[in-house]
There are 4 protein chains.
Amino acid sequence: MTEAKARYNRQIVDKRGAILDAACRLFAERGFHGTTVPEVADRAGVGAGTVYRYFESKEALVNALYQEWKTEFGRALMGKLDPQASPRRQFHDFWQHMAEFATKHPEAVSFLELHHHAPYLDEKSRECEEKVRGPIVSFIEDMQRRDIIKPIPPDMVMAIVYGAFVGIAKAAQGGYLQWSAETLETAENCAWEAIRM
Amino acid sequence: MTEAKARYNRQIVDKRGAILDAACRLFAERGFHGTTVPEVADRAGVGAGTVYRYFESKEALVNALYQEWKTEFGRALMGKLDPQASPRRQFHDFWQHMAEFATKHPEAVSFLELHHHAPYLDEKSRECEEKVRGPIVSFIEDMQRRDIIKPIPPDMVMAIVYGAFVGIAKAAQGGYLQWSAETLETAENCAWEAIRM
Amino acid sequence: MTEAKARYNRQIVDKRGAILDAACRLFAERGFHGTTVPEVADRAGVGAGTVYRYFESKEALVNALYQEWKTEFGRALMGKLDPQASPRRQFHDFWQHMAEFATKHPEAVSFLELHHHAPYLDEKSRECEEKVRGPIVSFIEDMQRRDIIKPIPPDMVMAIVYGAFVGIAKAAQGGYLQWSAETLETAENCAWEAIRM
Amino acid sequence: MTEAKARYNRQIVDKRGAILDAACRLFAERGFHGTTVPEVADRAGVGAGTVYRYFESKEALVNALYQEWKTEFGRALMGKLDPQASPRRQFHDFWQHMAEFATKHPEAVSFLELHHHAPYLDEKSRECEEKVRGPIVSFIEDMQRRDIIKPIPPDMVMAIVYGAFVGIAKAAQGGYLQWSAETLETAENCAWEAIRM
DNA sequence: CATGAATGAGTTTTCATTCAT
DNA sequence: TATGAATGAAAACTCATTCAT
């Protein structure tokens, strides 16, 4: 019975997850409006109606997805930086975290990039955005105070580093570059030289 | 008759142009599937049926739009580089060209970025992509032969420089950065340091 | 065991009753098609599946409800008339019974009125209708034989008296009239004058 | 060309009318929630999408329908009363107007009756209701001032007379009574006796 | 050529009903 | 027996496309 209940619960738990997973992949591939709810349900292996037991609407679904992945991404980036390490090492770790995240969840990176500032994102999603941006800006400002990073607007640092990273990811996805440790290391050096003093 | 035909053609050109213009703005704002043909027609100031006189279908419209702007963008970037100028100067001009293009046609940049590799783009659009990429790659390779740019895959150079540029553009659009000559110059320096030897 | 069965039955009865109660209110408020089975279950305080233990389908539920209330209504009207009383007194009692019933079960009156001759009512519901109508027609015919009520089709007498009554009930529900003993007495007089010789 | 344009326009005009007509019949038969938009479109002889060119939503459709018929009904009742005629004659005319209206538009009467105070009716529909009620109340009050009608709340007079009328109409629809001039005259007399001094 | 009303295929969403627990 | 999560058929509504004018 315990086993049976466990299976039951696992099923329950999995359903929401399966829907989010399927939605992430499809939204990343075809965009929000280019994806139908039955397609999401199909790929998640559930009935179309089931999607609506877990999410009020298709919009609620993208928003939940956006918030979950944005938060996860933020955690992945800043959660494990060693404040004792050298600045260059910290930057390396930061870049490494992005790389690991993108390797593990390539659809999530595509999804987040494609839905950045989309008009159907709600207040909560935008707040979530801010919550991720905040610590990164602080981190940059700290490095700037220590004359390690160029004295330019922190948002420009972010735009350049993350922009370059996304550029690499897209080129790899398009087959123009290999998505390999070597590629990422080379790109990391370029990014570092872009912003360091 | 010549005069009449000229007037006639001008009208034709204007309508087609108005439709492309409206479509660019709307596709950039809401995406391909999020935009309706009547909306495009409305904003272009023509009847919905008229769109179909100039473009076979909504897909044909995005593709025409993509090809026109991609070509235009390629022309803007590479068309006016002075081979006699210093490498740094050439990079400056290149960046300047991107900046001018983005200042003049911000919706076009958003549109191209959002529809990059979209599944509804046809063969011709992809070819167009290649045709723009080719000269840039050659330009980079030339610079690398002369030990001016780091010896890394040319596509990585492109990914980093264009990625950084798009990052700046998006940050400006989101209100995080000013879209000003100063911002662009600062960013240009960073981009240059990222790739220079 | 008898005790256990009694408790068991009481539970059964209560649940069935709770469902009928909830359904009556909701069907009266929003109509048959405007009411969902889960809503009924919710208001009855049972699970949605439970409704289907007691009623084969939503249609079976309305029909059971219609039959129960129609029968109840018929019983209330004719069950307690004193054949010895004066005709006027009998009419008074009849009207009084309607009034008492409507006071005690306003939703039932609304429900019956709204679902009168609805296409989803089955044979049995229609028979039930007849069974209620029969004694009233006889009662009217008897009064007509005694030259107390106008010699018009008994169904017209019913239509006028019950129509007027329902009119009053609706006006009261809409806030145009007070639902009070005085109102009902005044209306009774009017109704009587409408049909008396 | 004039003829052609006229045909074109007639078609246009008819389409809205055909939809309202079909909707009236179906809403009266099966209720608002029991009727589907494609059914309405089908019976109106237009495509399902066309309904939405003329009415924003199904709710907007019922409301438009309600307002049109309520207004029409009000006009039919009060529009042609001769103030010079005797009170009894005026009542006769009033009743006659109801009868004529119900004969000409039986579905409209059923529709109005069934949707009276429905929760999906909007503010404007309720105002419309009031606008029809007002003149009738005044008319009754005037008769009461002249001691022709019983000194009871005007809304009670309305409830009784209209209630009786609706009762007759329903009985006729159910096959219990003939819908004939004779039936209506008999009922008129009853209604008059119900309210006259 | 230009139009925009009309359409039906395709979306999003709801809900009666079932069934594993 | 009671439950409520799951479902898919069906409803409301949208929109790319056509075609009569």
Side-chain angles (χ1 to χ4, degrees), chain A residues 1 4-9 11-12 15-16 33-42 45-61, chain B residues 8 11-12 15 32-42 45-61, chain C residues 8 11-12 15 32-42 45-61, chain D residues 1 4-9 11-12 15-16 33-42 45-61:
Chain A
M1 198 218 81
K5 189 160 183 188
R7 209 179 322 112
Y8 175 70
N9 281 336
Q11 269 194 334
I12 293 283
K15 233 146 227 180
R16 189 173 188 277
H33 292 295
T35 302
T36 71
V37 172
E39 271 168 359
V40 172
D42 247 41
V46 303
T50 303
V51 172
Y52 289 88
R53 288 201 75 67
Y54 291 97
F55 304 96
E56 277 219 331
S57 65
K58 200 187 170 190
E59 283 211 2
L61 172 57
Chain B
Y8 172 72
Q11 256 197 342
I12 292 279
K15 262 174 198 176
F32 175 64
H33 291 294
T35 302
T36 74
V37 173
E39 271 169 356
V40 172
D42 240 43
V46 303
T50 304
V51 172
Y52 288 85
R53 297 221 141 266
Y54 295 96
F55 305 95
E56 275 219 331
S57 66
K58 199 187 173 189
E59 285 211 359
L61 172 56
Chain C
Y8 171 70
Q11 256 197 339
I12 292 280
K15 267 181 191 167
F32 175 64
H33 291 293
T35 302
T36 74
V37 174
E39 270 169 357
V40 172
D42 241 43
V46 304
T50 304
V51 171
Y52 288 85
R53 297 221 142 265
Y54 295 96
F55 305 95
E56 275 219 332
S57 65
K58 199 188 174 188
E59 284 211 0
L61 171 57
Chain D
M1 197 218 82
K5 190 162 183 185
R7 209 179 324 112
Y8 175 70
N9 282 336
Q11 267 193 335
I12 292 285
K15 233 146 227 180
R16 189 174 189 276
H33 292 295
T35 301
T36 72
V37 173
E39 272 168 359
V40 171
D42 246 41
V46 303
T50 303
V51 172
Y52 290 89
R53 288 202 76 67
Y54 292 97
F55 304 96
E56 277 220 331
S57 64
K58 200 187 170 190
E59 282 211 2
L61 172 55

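The figures that follow rest on heavy atoms only: side chains count, while hydrogens, waters and symmetry mates do not. Order of the sequence lines fixes the chain letters, A, B, ..., with proteins taken first and strands second; residue numbering starts at 1 for each chain.
Listed pair C/Tyr54 / F/dT1 fails the phosphate criterion, with no side-chain N or O lying under 4.0 Å from OP1 or OP2. Contact annotation: D/Arg53 side-chain N/O to E/dA5 OP1/OP2 distance is under 4.0 Å. The side chain of A/Lys15 places an N or O atom within less than 4.0 Å of a non-bridging phosphate oxygen (OP1 or OP2) of F/dA6.
The salt bridge (charged side-chain N to carboxylate O under 4.0 Å, His left out) search around C/Glu56 returns none, not counting sequence neighbours. With sequence neighbours left out, the salt bridge (charged side-chain N to carboxylate O under 4.0 Å, His left out) criterion links B/Glu59 to no other residue. Residues that satisfy the side chain to side chain contact (heavy atoms under 4.5 Å, CB included) test with C/Ala41, not counting sequence neighbours, are C/Val46, C/Ala48, C/Val51.
A 4.5 Å side-chain heavy-atom check between D/Arg16 and D/Phe55 finds at least one atom pair inside the cut-off.
Rounded to whole angstrom, the span from the CG atom of A/Leu61 across to the P atom of E/dT11 amounts to 16 Å. At whole-Å resolution of the value, CG in B/Asp42 and P in F/dC15 are 13 Å apart.
Between C/His33 and C/Lys58, the shortest heavy-atom distance links the atoms CA-NZ, 4.0 Å.
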Quiz prompt | Contact state string [nucleotides 8-13 of chain F, B base, S sugar-phosphate only, - no protein heavy atom under 4.0 Å] | solution = B--SSB
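Stem analysis of DNA chain F (at least three stacked-register Watson-Crick or G-U pairs, each with both distances under 3.5 Å) gives E:2-21 with F:2-21.
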